[in-house]
Every structure is written in C-alpha cells, then in structure tokens.
Colleague: 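Structure incoming, see below.
Naming: A, B, ... by sequence-line order, numbering from 1 per chain. Bear in mind the structure is a predicted one, so any value in this text is a computation, not a measurement.
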Amino acid sequence: MQNAEVARVFEELADLLEIQGANAFRVRAYRNAARTIEDLSETVSALVAEGKSELTELPGIGKDLAEKIITIVETGELPQLAKLRKEVPPGVVEMLRIEGLGPKKVAKLFHDEGIDSLQQLREAAERGDLEKVKGFGKKTAQNILEGLERIELVGTRTFLSEAKAAADEVVADLLELNAVNQANVAGSCRRRKETCGDLDVLVTAASADEPMDRLAKHRLVEKVLERGETKQRVRLRDGLELDLRVVSDESYGAAMQYFTGSKEHNIVMRRRAQKRGYKLNEYGLFKDDELVAGKTEEDVYAKLDLPWIPPELREDRGEFQLAEDDKLPTLLELDDIRGDLHMHTTATDGTASIREMAEAAKERGLKYIAITDHSKRVSMANGLDAERLRAHWKEIDKVRKDISGIDVLCGIECDILEDATLDLPDDVLAEADWVIAVLHYGLKQPREQIMKRLMTAVKNPHVSIIGHPSGRIVGKRPGADIDYEELFKAAADHEVLMEINAHPSRLDLDDIQTRAAKEHGIPIVISTDAHSTTGLDVMQYGVYQARRAGLEKKDVANTQTFKSFRKLLRSQ
DNA sequence: GCCGTTTTCGGCCCGACTGTTTTCAGTCG
C-alpha cells in the first residue's frame with residue numbers, strides 16, 4: 001500500500017464530508033492527514049507494522065485517524081468511505097473539479113435540484129435553469145459552462161507523476177516473470193507529457209498468457225476490460241486505463257517506437273519509410289514482406305537515416321529537422337541539477353524548518369538552495385512583511401554559516417499585486433540574494449493589466465526571476481492571459497530569469513513557453529516550490545518538462561556551480 | 001478530527017474577490 005493511496009482515501013473522504021456539510025475543521029483534519037502521509041519519507045505501511053503509537057506521533061494524526069490508517073493498510077479499504085460513497089454519487093464529487101464550484105454550491109445543486117452528474121449540470125446550465133437557483137445567477141451559470149469545457153479538454157487525464165508511478169510499478173512487477181524478457185512504458189507517459197490519458201505498457205514474452213494473468217491479478221488493477229491474443233486492457237483502481245501489449249523480441253523496438261508516438265511524429269516516420277520503399281508498423285520496418293529492422297528503436301531510426309530521437313521530443317515540432325542536421329540536443333538530466341531556488345519553510349506555509357530543508361537538499365546532492373517564503377499578501381500562508389522577513393533572513397544566515405556542503409540563499413517569493421506594485425518595498429528587496437516575483441491573485445485580469453504587472457516585476461532591478469509565470473493549475477485553472485513574446489523580450493533585456501515550476505500540477509512555464517524563452521536566450525531555472533522536505537523530490541518533473549522543450553544543461557541556470565551561479569544574483 | 005491543556009472542551013490561518021444580494025455567502029489560496 002502506497003502512501004499516496006492512503007492519502008487519496010482521506011482526500012476523497014474530505015470531499016464527501018465537505019459536500020455533506022461536515023464540520024470544516026474535521027474536513028481539514030482529513031486533508032492535513034492526507035498531506036502528512038503524502039509527505040512521509042518512510043512508508044505508512046512500515047509505521048503500521050511498528051504499531052499505533054508510531055502513527056499518533058505524526059502531526060495531525062490522532063487516535064481516530066491512526067485506527068483508520070491501520071484499517072486501510074490492513075484491509076485495503078475503509079467502511080466509512082464505502083458508506084459515504086453510497087450517499088453521495090461520484091458525479092457530485094466530480095463537480096468539485098469545476099473552478100468556482102465548492103462544496104456548498106455542489107451540495108445545493110445535489111440536494112435541491114437533484115443534479116448528480118456533470119452531464120445533468122451542463123443540461124441545467126444550458127436550459128437556463130441554473131441561473132434561477134437561489135445563490136446562482138447568469139454569471140455563475142456561464143462560469144460553470146466554461147469550467148465544464150475545461151474539464152472536458154483535459155478529460156480524465158492523470159498527472160504524469162501519478163500515471164508514471166502506476167506504470168513503473170506494473171512494469172517492475174511484469175519484469176519479475178521469467179517469461180518476460182523486456183518491459184517498458186510507452187505512450188505519452190514515456191514522452192513525459194504533463195498528463196496522461198491512459199497508459200501503454202509493452203512486454204516481450206514467449207507467451208502472452210503469463211504477463212496477462214499477472215497483470216489481471218495486480219493489486220492496482222480493478223477490472224480487466226478486454227483480453228485478446230496480444231493486447232489486454234485493464235482499468236486501474238484510480239480510473240486510469242492501461243493497455244498491455246505483448247510482442248516478440250524481434251518487434252520490440254518497432255512496437256516501442258509505434259506505441260510511444262506521438263501520432264504526429266509517427267505519421268512523419270511512416271512517410272519517410274514509404275519514400276524509401278519500406279512499410280513501417282508496430283511489428284517492424286519491412287521491405288516487401290521481409291523484416292528490415294524492429295529489434296531496437298535505434299535500428300528503426302537508423303534505417304530511416306535518422307539518429308535515435310529522445311521520446312520527449314517526438315511531437316513533430318522540429319525534431320526531424322534537428323535530427324537531419326545532426327543537431328539534436330543533448331537533453332538535460334536530473335543529475336545535472338545542482339541547486340533548488342524556490343522552497344518554503346515553517347516561517348510561512350512549509351512544514352519543515354530552514355535547517356531541515358537545507359539538510360534534505362544536501363541529502364539529495366544539491367549544492368545550493370534559496371529559501372523563498374511568501375510575502376505578506378498571501379495572508380493565508382502567513383506571508384512575511386518586511387520586519388518578519390528581515391528576521392527570517394537572519395535565521396537563514398545562521399543556518400548558512402552553520403551548515404557545510406551546501407550554500408543557502410536569502411530569498412523571497414514576492415507577490416506582484418493586482419495594482420501592478422510589488423508586495424514589498426524596494427529597500428527590502430535590495431537586501432535579498434534572490435527575488436522570485438509571482439502572480440497569485442487577480443489572474444483573471446485582462447491581458448493589459450496582467451502585462452503591466454509582469455512588466456513592473458521585470459523592470460524592477462531587484463527581481464531575479466518570474467516564478468510560475470502563468471499561475472495555471474494543470475487541468476483545473478487556466479493561466480493568466482500573457483503576451484509571452486513581450487514578456488520574454490523584456491526579461492531578456494532586463495536579465496530576468498524564468499522559472500519552470502516543477503510541481504506536477506503546475507509545470508509552469510510549459511514546454512512550448514519554455515522553448516520560446518530559450519529562443520530569447522533567457523536562462524531557465526527549474527525549481528520545486530517545495531513545501532516540505534519530500535517536496536524537493538518533484539525536481540524530476542521539471543526536468544522532464546525542460547527536456548520536452550529541448551533544453552540542454554547549458555540552458556538551465558541551476559545546473560551551474562554555485563560560484564558561476566552567483567554571478568546571476570542581483571546583490572553581487 | 002486534532003491539539004493542548006485551563007484534564008474536558010474550545011479553538012483550529014484569514015484576507016480578498018466574485019457574484020450575488022442589498023449586506024453577505026461561497027470560494028480561493
């Protein structure tokens with residue numbers, strides 16, 4: 001049982017209770033518990049094995065939640081959750097995904113209007129019924145329709161982080177079979193897209209039965225949807241569907257190439273094959289009926305006069321031209337990252353101290369970090385005013401002097417306010433080593449005002465970087481309306497850097513925007529925005545995003561040694 | 001539901017915005 005699965009149970013419980021109008025603090029207790037468990041560095045199963053007292057040691061876990069954790073770990077389910085699921089249909093919980101719809105409104109729609117699915121919600125909105133409901137109006141109905149559209153755009157796609165975790169587990173399990181020679185994930189997950197619609201797993205085996213039987217019994221699998229000679233489709237417990245394909249070793253490379261996609265990339269590949277008198281499919285590259293290549297991807301690409309192209313670049317976005325010109329980038333690797341320049345501590349909404357964050361970063365092989373807590377505008381996170389910030393920096397200085405093997409910078413994540421001023425005065429910002437300027441509020445302002453705000457930040461001599469520039473949340477909230485051309489041009493002129501926020505739900509800049517930033521010669525910084533020590537582990541997803549943008553080590557500022565990185569600091 | 005005690009229950013992060021209403025509930029971060 002994974003920590004994330006236990007956390008998910010509590011998250012769902014919290015959603016259900018909230019819709020039922022449960023005490024808000026009780027709901028928060030479940031959410032806090034979910035976060036605590038998610039952030040654990042050890043597995044919750046191990047803690048259960050050690051006994052209940054270990055569990056109640058955890059912050060936010062008392063007697064009651066400890067019991068529930070034990071039940072979940074030991075039986076794989078929770079009776080309370082099963083009961084609540086019967087009372088509140090899944091479609092009602094789904095409505096919470098719509099921006100602007102919270103538990104109160106959703107409960108009202110369910111109880112008073114009998115709406116219990118997204119479909120019914122859409123129909124009610126389109127009929128004009130919604131705006132007649134007390135507490136709703138024309139605007140709300142319109143926002144709901146827009147929210148529904150966004151959800152449909154993203155569909156039921158799953159964050160890469162979650163999809164990949166499931167795929168990796170299935171692949172590792174299949175590789176344990178003697179009958180299986182090779183196994184790997186393909187599809188959008190292998191291309192490291194920020195979300196995955198489903199999973200494709202490929203294995204080579206003497207017979208298809210053994211891997212299929214094994215998968216059918218896997219703990220993550222809820223149901224086998226179909227099973228044929230070479231393909232089995234299953235639904236995982238979290239709703240994600242997974243295709244298993246069994247091929248021969250002779251076809252493995254061709255099948256990996258075919259099922260990794262993208263569709264657009266493959267169209268170009270097949271056209272190239274045709275031109276050279278071949279036929280390309282998932283079983284191989286054929287001349288008439290003779291197999292010419294198929295064992296490895298490298299073979300297939302080579303026969304089409306191409307070097308092997310990294311999966312992250314396979315979108316038909318210029319990779320073929322680069323390959324032809326022998327100019328494919330040597331993509332950034334996680335090991336290239338030396339610093340992490342966006343993280344929080346208990347001074348605002350983080351869960352670990354300055355020292356704990358520094359130690360954890362050091363354990364992960366980092367050589368330098370910046371502590372960047374929130375500024376005062378983010379009051380719910382207990383954001384810092386000038387006085388508290390200066391005291392905080394003194395604490396950071398103490399740790400910096402006290403700890404060896406890692407450099408710690410005094411930073412701040414400073415809000416760019418709705419009126420296009422910064423949340424802290426210049427004389428304070430001037431004292432910082434590292435200033436991340438960000439939009440948190442008023443993301444829906446018109447482009448003109450958004451750009452005015454970003455320009456204020458870019459032109460401020462103390463601002464080092466724009467953090468999560470658009471403020472989007474993947475699949476949930478669109479980012480601010482930004483003229484990226486104008487932003488990047490100004491950033492390049494004023495030597496302001498751009499962040500890829502590595503959190504799986506942000507990944508902001510996205511791959512396309514990152515590409516554009518690189519073309520403007522703007523150094524990119526990939527940061528975790530960690531709110532806990534385990535939050536530092538999301539760096540990988542930022543690196544994937546950078547790879548999709550074609551970034552090399554030299555394009556990313558926090559791959560530099562601290563000595564050379566220091567030159568980018570405004571206070572130097 | 002947790003926590004910290006004032007050991008039996010009250011407090012739990014809170015300010016701003018939106019859309020509704022006509023003074024505020026709901027949502028967000």
Side-chain angles (χ1 to χ4, degrees), chain A residues 9-11 13-37 52 55-69 71 78 80-81 84 95-109 112 125 130-147 344 346-351 373-385 388 413 415-419 423 438-446 449 467-468 470-473 476-480 501 503 505-506 508 529 531:
Chain A
V9 170
F10 286 147
E11 279 293 351
L13 219 42
D15 283 343
L16 290 164
L17 285 168
E18 205 163 26
I19 290 168
Q20 290 204 325
N23 179 302
F25 295 109
R26 188 176 161 217
V27 172
R28 187 188 297 170
Y30 279 106
R31 293 205 198 282
N32 286 342
R35 184 173 166 186
T36 298
I37 292 164
K52 202 199 304 186
L55 288 171
T56 51
E57 287 294 309
L58 299 172
I61 309 287
K63 188 165 153 287
D64 196 83
L65 285 173
E67 298 275 13
K68 290 189 164 77
I69 292 171
T71 306
L78 191 66
Q80 183 193 7
L81 179 61
L84 279 171
M95 288 192 245
L96 289 176
R97 289 169 52 207
I98 297 167
E99 203 193 357
L101 269 192
K104 296 277 165 53
K105 284 206 166 87
V106 165
K108 188 166 179 57
L109 292 173
D112 296 355
L130 272 192
E131 56 198 75
K132 293 178 201 133
V133 179
K134 195 169 157 54
F136 290 63
K138 262 194 158 44
K139 267 279 176 50
T140 306
Q142 186 55 36
N143 282 340
I144 285 173
L145 278 175
E146 282 172 18
H344 298 267
T346 48
T348 59
D349 59 351
T351 59
D373 276 297
H374 287 288
S375 61
K376 64 181 190 297
R377 174 66 171 81
V378 191
S379 53
M380 65 74 85
N382 195 22
L384 304 167
D385 60 18
R388 284 180 60 216
E413 180 179 6
D415 260 64
I416 310 168
L417 303 178
E418 291 92 321
D419 64 357
D423 198 19
V438 296
L439 304 170
H440 275 131
Y441 297 94
L443 293 176
K444 286 183 175 172
Q445 287 180 334
Q449 183 63 15
H468 48 69
S470 81
R472 73 155 177 174
I473 301 293
K476 170 100 178 173
R477 180 178 76 195
N501 191 293
H503 196 280
S505 71
R506 286 196 181 268
D508 178 14
D529 201 352
H531 285 68

Colleague: When the C1' atoms of B/dT6 and B/dG11 are considered, how many whole Å apart are they?
Modeller: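 Pairwise C1' distance, B/dT6 against B/dG11, rounds to 13 Å.
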
Colleague: In whole Å, measure the gap between the C1' atoms of B/dG1 and B/dT8 for me.
Modeller: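 Those two atoms are separated by 16 Å.
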
Colleague: Of the non-hydrogen atoms in A/Arg472 and A/Gly479, which two are nearest, and what is the gap between them?
Modeller: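 Nearest pair, atom of A/Arg472 first, then A/Gly479: CB-N, 3.5 Å.
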
Colleague: How many whole angstroms separate atom NE2 of A/His374 from atom C1' of B/dC13?
Modeller: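 That distance rounds to 13 Å.
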
Colleague: Do A/Leu130 and A/Ile144 have side-chain heavy atoms sitting under 4.5 Å apart?
Modeller: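 Heavy-atom side-chain distance check passes, below 4.5 Å.
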
Colleague: Touch check for A/Asn143, heavy atoms < 4.0 angstrom, all strands: base, sugar-phosphate only, or nothing?
Modeller: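 Since only primed, P, OP1 and OP2 atoms lie under 4.0 Å of A/Asn143, the category is sugar-phosphate.
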
Colleague: Under the 3.5 angstrom rule, does the side chain of A/Lys52 hit a backbone N or O of A/Glu67 as a donor-acceptor pair?
Modeller: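 No, because the side chain of A/Lys52 does not come within donor-acceptor range (under 3.5 Å) of the backbone of A/Glu67.
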
Colleague: Which comes earlier along DNA chain B counting from the 5' end, the contact point of A/Lys138 or that of A/Leu96, where each point is its nearest nucleotide?
Modeller: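 That would be A/Lys138.
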
Colleague: Starting at atom CG of A/Asp385, determine the distance to atom P of B/dG15, rounded to an integer number of angstrom.
Modeller: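 Atom-to-atom, A/Asp385 to B/dG15, this comes out as 14 Å.
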
Colleague: Between B/dT27 and B/dT20, how far apart are the P atoms? Round to whole Å, please.
Modeller: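 The answer is 13 Å between these two P atoms.
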
Colleague: Just to be sure I understand the rule, does A/Lys376 reach a base, reach only the sugar-phosphate, or reach nothing, if contact means heavy atoms closer than 4.0 Å?
Modeller: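 It contacts nothing in the nucleic acid.
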
Colleague: Rounding to an integer number of Å, can you tell me how far A/Leu417 CG sits from B/dC17 P?
Modeller: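 Between P of B/dC17 and CG of A/Leu417: 10 Å.
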
Colleague: Hey, does the side chain of A/Arg388 reach the backbone of A/Gly383 with a donor-acceptor pair shorter than 3.5 angstrom?
Modeller: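 Yes.
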
Colleague: Check this one for me: any side-chain N or O of A/Tyr441 less than 4.0 Å away from OP1 or OP2 of B/dA16?
Modeller: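 For B/dA16, OP1/OP2 do not have a side-chain N/O of A/Tyr441 under 4.0 Å.
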
Colleague: What heavy-atom pair brings A/Val378 and A/Tyr441 nearest, and what distance separates the two atoms?
Modeller: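 For A/Val378 and A/Tyr441, the tightest heavy-atom pair comes out as CA-OH, 3.8 Å.
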
Colleague: Do any N or O atoms from the side chain of A/Asp423 and from the backbone of A/Lys376 form a donor-acceptor pair under 3.5 angstrom?
Modeller: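 Judged by distance alone, yes, a pair lies under 3.5 Å.
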
Colleague: Taking CD1 from A/Ile37 and P from B/dC2, how many angstroms apart are they, rounded to a whole number?
Modeller: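 Distance, rounded to whole Å: 11 Å.
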
Colleague: Between P on B/dG11 and CZ on A/Phe25, what's the gap in Å once rounded to a whole number?
Modeller: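 Result: 10 Å.
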
Colleague: Tell me which nucleotide among B/dC12, B/dC13, B/dT20 gets nearest to the side chain of A/Asn23.
Modeller: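 So the nucleotide nearest the side chain must be B/dC12.
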
Colleague: Walk me through whether A/His374 and A/His440 qualify under ring pair (Phe, Tyr, Trp, His ring centres under 6.0 Å).
Modeller: CA-CA 10 Å; A/His374 287 288; A/His440 275 131; 5.3 Å; yes

Colleague: Please find the pair of heavy atoms, one from A/Ala33 and one from A/Leu65, that lie closest to each other, and give the distance.
Modeller: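 Shortest heavy-atom separation between A/Ala33 and A/Leu65 comes out as CB-CD1, 3.7 Å.
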
Colleague: Between A/Asn32 and B/dG1, does any side-chain N or O lie under 4.0 Å from OP1 or OP2?
Modeller: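 A/Asn32 to B/dG1 OP1/OP2: no side-chain N or O under 4.0 Å.
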
Colleague: For B/dC12 and B/dC17, measure between their P atoms and round to the nearest Å.
Modeller: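 After rounding to an integer number of Å, I get 24 Å for this pair.
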
Colleague: Taking the P atom of each, how far is B/dG10 from B/dG15, in whole Å?
Modeller: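 Here B/dG10 and B/dG15 have their P atoms 24 Å from each other.
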
Colleague: With the side chain of A/Arg377 defined as its heavy atoms from C-beta on, choose the nearest nucleotide among B/dC13, B/dA16, B/dG1.
Modeller: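 That would be B/dA16.
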
Colleague: With both distances kept under 3.5 Å, what pairs with B/dT8, Watson-Crick or G-U wobble?
Modeller: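 Per the H-bond distance test, none.
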
Colleague: Rounding to an integer number of Å, can you tell me how far A/Ile144 CD1 sits from B/dG19 P?
Modeller: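 Rounded to the whole Å, the gap is 12 Å.
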
Colleague: Quantified in whole Å, what is the C1' atom distance between nucleotide B/dC9 and nucleotide B/dT5?
Modeller: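 It works out to 10 Å between them.
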
Colleague: Looking only at atom P, what distance separates B/dC28 and B/dT23, rounded to whole Å?
Modeller: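 Approximately 26 Å lies between the P atom of B/dC28 and that of B/dT23.
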
Colleague: Touch check for A/Leu58, heavy atoms < 4.0 angstrom, all strands: base, sugar-phosphate only, or nothing?
Modeller: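 If one applies the 4.0 Å heavy-atom cut-off, A/Leu58 turns out to touch the sugar-phosphate alone, with no base involved.
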
Colleague: Can you name the nearest heavy-atom pair linking A/Asp373 to A/Ala347, along with the distance?
Modeller: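 A/Asp373 and A/Ala347 have their closest heavy atoms at OD2-CB, 3.8 Å.
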
Colleague: Give me the distances for all protein-to-nucleotides 21-26 of chain B N/O pairs that come in under 3.5 Å?
Modeller:
none

Colleague: Between A/Asp415 (CG) and B/dA16 (C1'), how many Å, whole number?
Modeller: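 Roughly 12 Å, once rounded to whole Å.
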
Colleague: Let me know the distance between CD1 of A/Ile98 and P of B/dT18, rounded to the nearest Å.
Modeller: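 Distance check: A/Ile98 CD1 to B/dT18 P gives 20 Å.
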
Colleague: If you check the A/Ser379 side chain, which of B/dC12, B/dC2, B/dG15 turns out closest?
Modeller: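 The answer is B/dG15, which lies nearest to the side chain.
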
Colleague: Mind checking if A/Lys444 touches a base, just sugar-phosphate, or nothing, with heavy atoms under 4.0 Å?
Modeller: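 Touches nothing.
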
Colleague: What's the closest nucleotide to the side chain of A/Glu418 if the choices are B/dC17, B/dC13, B/dC12?
Modeller: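 Closest nucleotide among those given: B/dC17.
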
Colleague: Using OP1 and OP2 only, check whether a side-chain N or O of A/Thr140 sits under 4.0 Å from B/dT18.
Modeller: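 A/Thr140 to B/dT18 OP1/OP2: no side-chain N or O under 4.0 Å.
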
Colleague: Out of B/dC12, B/dG1, B/dT20, which has the shortest distance to the side chain of A/Arg28?
Modeller: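 Among the listed nucleotides, the one closest to the side chain of A/Arg28 is B/dC12.
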
